[in-house]
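Quick notes on the structure that follows.
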Amino acid sequence: MSEQPQQPPNQPPGYGYPNAGPYQQQPGYGYPQGGYPQGGYPQGGYPPGPVPPGVYTGDPNAPYGYDPFGRPYSDKSKIVAGILQLFLGTFGVGRFYIGDVGIGLAQLFTCGGMGIWALIDGIILLTSNDKTDAQGRVLRG
């Protein structure tokens, strides 16, 4: 027993409810016929956009992804480099680990600047966010 409302007598024909007039829904607009597409991530498993830090991307130039500034991460860790430099810095081991052979040899021949250079260098390696390896990639944290 549902009745459709009648058009008010003061309005010209074609306006109002059952006819939407010039505001009728155009073909091709509105809800999709087959429903909304099912969500999910693309084949790689991550949504498009920036890759989370520390994730292997398959890119040989950035084996562990990119930092927020777009610089590639290294496969070397700044924590390991800093600890090696603190404990074995008189031999330049932390610098040899990240590929800085020249500085490693200088620390080896000067006994890490009598230990002071090695200590400061180890602290800088641990606290800095922009130290790079021999290939110029940022050390992972």
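Along the sequence shown, residues are numbered consecutively beginning with 1.
Using a 4.5 Å cut-off on side-chain heavy atoms (C-beta onward), Asp121 and Leu86 make no contact. The side-chain heavy atoms of Leu125 and Lys78, taken from C-beta on, include no pair separated by under 4.5 Å. In this structure the side chain of Val138 never reaches within 4.5 angstrom of the side chain of Lys131, judged on heavy atoms. Side chains of Gln107 and Trp117 form a contact here, defined as non-hydrogen atoms less than 4.5 Å apart. In this structure, Lys76 and Tyr97 have side chains that are in contact, with non-hydrogen atoms separated by less than 4.5 Å. Between Arg71 and Asp130, some side-chain heavy-atom pair lies under the 4.5 Å cut-off.
For the atom pair Leu108 CG and Phe96 CZ, the distance stands at 5.5 Å (nearest 0.5 Å). Rounded to the nearest 0.5 Å, atoms CG (Leu126) and CD1 (Ile83) are 5.5 Å apart. To the nearest 0.5 Å, atom CG of residue Leu119 and atom CZ of residue Phe87 are 10.5 Å apart. We find the OG1-CG distance between Thr132 and Asp100 to be 7.0 Å, quoted to the nearest 0.5 Å.
Remark: Arg140 does not engage Asp75 in a salt bridge, criterion side-chain N to carboxylate O under 4.0 Å.
The two atoms that bring Ala134 and Gly99 nearest to each other are CB-O, 3.5 Å, heavy atoms only. In plain terms, the two heavy atoms of Ala118 and Thr90 that are nearest each other are CB-N, 3.9 Å.
For Gln85 (side chain) and Gly94 (main-chain N/O), a donor-acceptor pair under 3.5 Å exists by modelled atom type.
Leu105 and Ile116 are assigned to two separate hydrophobic clusters, defined by single-linkage of ILVMFWY side chains at heavy-atom distances under 4.5 Å. By the rule that hydrophobic residues join a cluster once side-chain heavy atoms approach within less than 4.5 Å of another member, Val93 and Ile120 end up as members of separate clusters. Residue Phe109 is not grouped with residue Met114 when hydrophobic side chains (ILVMFWY) are merged at heavy-atom distances under 4.5 angstrom, including chains of intermediate members.
Remark: of the listed residues Asn129, Ile98, Ile79, Ile98 is the sole one forming a side-chain contact (heavy atoms from CB on, under 4.5 Å) with Leu139.
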